[in-house]
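Here the structure is laid out as structure tokens; the discussion comes afterwards.
Note: hydrogens, waters and symmetry copies are ignored here, and every other heavy atom, side chains too, is used. If you're wondering where the values come from, they're calculated on a predicted model, not measured in any experiment.
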Amino acid sequence: MTITAPHLGSPKAWTDAQLLYALEEVVEKELNRHLKVAKDWMPHEYVPFSDGRNFPGVFEDGEAWQADQSKVTDIGKIALVVNLLTEDNLPSYHHEIASLFGRDGAWGTWVHRWTAEEGRHGIVMRDYLLTSRAVDPDKLEQFRMAHMAEGFESDNRHSMLHSVAYVAFQELATRVSHRNTGHQSGDPVCDRMLARIATDENLHMIFYRNLLGAAFELAPDLTMQAVRDVVVNFRMPGHGMPGFERAAAQMAIGEIYNMRIHHDDVIQPVLRYLKVLSIDGLGPEGLEAQEELGLYMGGLDSEAAKFDEKLAARKARMAARAGA
């Protein structure tokens, strides 16, 4: 695909408004592709409502929550709460992308469609958690209130290109986190639910990844700098929730999301697909960003290798204790 827009000025003079206009045709194409392959699904069909029972409150027959009432593993419960609280901030995410991308034309249609699809994720996860009694419902609601009351401001809200680059990686990161949580949950019902959510997240990633590819053809130097900045400073959107750092550490040990997974299953696939580290024809600033990105990826791989060693040693110690 070659995009020519001589009336918009030189590449170094791109503004967000010009880039939004120049990419509108690509957004429309990707939106139409997405609508053809995305399948509607019903959240209630993935929830075992027959397993549910009343909680204390307005119901006299309510049964108090107990930690042993669910078959979900401990690491599964931790990850499910993190994933759900992340999804809960959808109103803030919608505000962020609607402010950046607009509410008109193909951009606006995509923003609203994305929001509607993402809304299903929070619905089905909360219904599952409450029905299966996997987590304390009072604490879950307290966490939700605390997290949403803080609001959300994207690290990349200053730039449309940075935002497109971020969501290309973040949607894949979310897909991987959901999928691994399902595998580690110990409950086939939970695994099926999260697999369904992960399918949505993968389609969202493809939309943004392809849009990022078009941006590379349009403004390669600016896009390379945006990708460099996003990858080097990447944070998951739920980083501001209560107890996130501790939960993230537990999820890393539980092999739901850690440096090795981040490097191998999130950052590298997008960079490889778009051939980011081998793009030629860049100017001085683009070349500098490309080199810095390559160096960072090498360092991230080294750090991931150190983590792998520590995790393997930890597993060996635990196995030794179990066999003693």
Side-chain angles (χ1 to χ4, degrees), residues 1-40 90-119 152-172 174-175 200-231 237 269-271 273-276 279 281-283 285-286 289:
M1 175 184 60
T2 301
I3 302 175
T4 57
H7 60 291
L8 294 176
S10 66
K12 290 186 178 180
W14 287 119
T15 65
D16 273 7
Q18 290 172 329
L19 284 166
L20 284 166
Y21 178 82
L23 289 169
E24 179 95 20
E25 185 177 342
V26 181
V27 172
E28 183 175 5
K29 175 185 175 182
E30 289 302 315
L31 173 62
N32 290 333
R33 180 199 56 75
H34 176 84
L35 293 175
K36 287 180 181 179
V37 298
K39 296 181 179 179
D40 280 338
L90 182 60
S92 290
Y93 307 150
H94 174 84
H95 174 76
E96 289 277 332
I97 66 171
S99 298
L100 277 166
F101 300 155
R103 295 174 172 83
D104 301 319
W107 279 105
T109 302
W110 166 254
V111 166
H112 296 307
R113 174 72 190 198
W114 174 88
T115 302
E117 292 183 2
E118 288 286 339
F152 173 81
E153 287 190 344
S154 169
D155 295 332
N156 303 288
R157 61 189 179 279
H158 62 287
S159 159
M160 188 275 286
L161 266 183
H162 282 71
S163 296
V164 169
Y166 175 75
V167 289
F169 294 104
Q170 180 267 320
E171 292 283 3
L172 183 52
T174 305
R175 172 200 177 274
D200 280 1
E201 303 289 11
N202 197 59
L203 291 177
H204 297 164
M205 178 276 293
I206 292 171
F207 178 95
Y208 288 119
R209 184 196 64 192
N210 292 351
L211 190 58
L212 186 61
F216 265 114
E217 295 195 17
L218 189 67
D221 288 324
L222 291 176
T223 306
M224 184 65 72
Q225 292 173 73
V227 170
R228 182 267 321 271
D229 294 344
V230 164
V231 170
V270 176
L271 296 182
Y273 183 89
L274 296 176
K275 299 181 173 60
V276 173
I279 289 175
L282 296 169
E285 292 180 341

Atom CD of residue position Glu24 - does it have more than 12 heavy atoms of other residues, nucleotides or ligands inside 6.0 Å?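 Yes.
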
How would you list, by chain and number, every residue that makes a salt bridge (charged side-chain N to carboxylate O under 4.0 Å, His left out) with [X], sequence neighbours excluded?
{"X": "Asp16", "answer": "none"}
{"X": "Arg209", "answer": "none"}
{"X": "Asp200", "answer": "Arg196"}

Side chain to side chain contact (heavy atoms under 4.5 Å, CB included) against Ser99, all qualifying residues, sequence neighbours excluded: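 So Ser99 forms a side chain to side chain contact (heavy atoms under 4.5 Å, CB included) with His95.
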
Looking at residues at least two apart in the chain, or sitting in another chain, which of them share a side chain to side chain contact (heavy atoms under 4.5 Å, CB included) with Glu25?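 Counting only residues at least two positions away or on another chain, Glu25 forms no side chain to side chain contact (heavy atoms under 4.5 Å, CB included).
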
Are any non-hydrogen side-chain atoms of Trp114 and Leu90 less than 4.5 angstrom apart?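 Touching, per the 4.5 Å side-chain cut-off.
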
May I ask you to test the Tyr166-Ser159 pair for a side-chain heavy-atom distance under 4.5 Å?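 Of all side-chain heavy-atom pairs linking Ser159 with Tyr166, none is under 4.5 Å.
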
Identify, with sequence neighbours excluded, every residue that meets side chain to side chain donor-acceptor pair (under 3.5 Å) alongside [X].
{"X": "Tyr208", "result": "Trp110"}
{"X": "Thr174", "result": "Gln170"}
{"X": "Asp155", "result": "Arg235"}

What heavy-atom pair brings [X] and [Y] nearest, and what distance separates the two atoms?
{"X": "Val111", "Y": "Thr115", "answer": "O-OG1, 2.8 Å"}
{"X": "Leu19", "Y": "Ala219", "answer": "CD2-CB, 4.4 Å"}
{"X": "Gly213", "Y": "Leu274", "answer": "CA-CD2, 3.7 Å"}
{"X": "Leu282", "Y": "Pro220", "answer": "CD2-CB, 3.7 Å"}
{"X": "Leu172", "Y": "Pro269", "answer": "CD2-CB, 4.2 Å"}
{"X": "Ala22", "Y": "Leu218", "answer": "CB-CD2, 3.6 Å"}

Scan for salt bridge (charged side-chain N to carboxylate O under 4.0 Å, His left out) pairs involving [range], sequence neighbours excluded, and state none if there are none.
{"range": "residues 91-109", "value": "none"}
{"range": "residues 105-119", "value": "Asp40-Arg113, Arg113-Glu117"}
{"range": "residues 156-167", "value": "Glu153-Arg157"}

How far does [atom1] of [X] sit from [atom2] of [Y], to the nearest 0.5 angstrom?
{"X": "Leu222", "Y": "Met160", "atom1": "CG", "atom2": "CE", "value": "10.0 Å"}
{"X": "His112", "Y": "Ile97", "atom1": "NE2", "atom2": "CD1", "value": "9.0 Å"}
{"X": "Phe216", "Y": "Ile279", "atom1": "CZ", "atom2": "CD1", "value": "4.5 Å"}
{"X": "Thr223", "Y": "His162", "atom1": "OG1", "atom2": "NE2", "value": "10.0 Å"}
{"X": "Asn210", "Y": "Lys29", "atom1": "CG", "atom2": "NZ", "value": "8.0 Å"}

Taking ring-ring contact (aromatic ring centres under 6.0 Å, His included) as the definition, give me every residue that meets it alongside Phe101, ordered by chain and number, with sequence neighbours left out.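 Partners of Phe101 under the ring-ring contact (aromatic ring centres under 6.0 Å, His included) test: Trp107.
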
Before giving the answer on side-chain contact (heavy atoms from CB on, under 4.5 Å), spell out for Asn156 and Leu100 the whole-Å C-alpha distance, their side-chain angles and the decisive distance to 0.1 Å. CA-CA 10 Å; Asn156 303 288; Leu100 277 166; over 6 Å; no

Using the rule given for side-chain contact (heavy atoms from CB on, under 4.5 Å), can you reason through Tyr21 versus Thr15, listing the C-alpha separation, both sets of side-chain angles and the distance that settles it, and then say yes or no? CA-CA 10 Å; Tyr21 178 82; Thr15 65; over 6 Å; no

Tell me, with the steps shown, if Glu285 and Met224 meet side-chain contact (heavy atoms from CB on, under 4.5 Å). CA-CA 9 Å; Glu285 292 180 341; Met224 184 65 72; over 6 Å; no

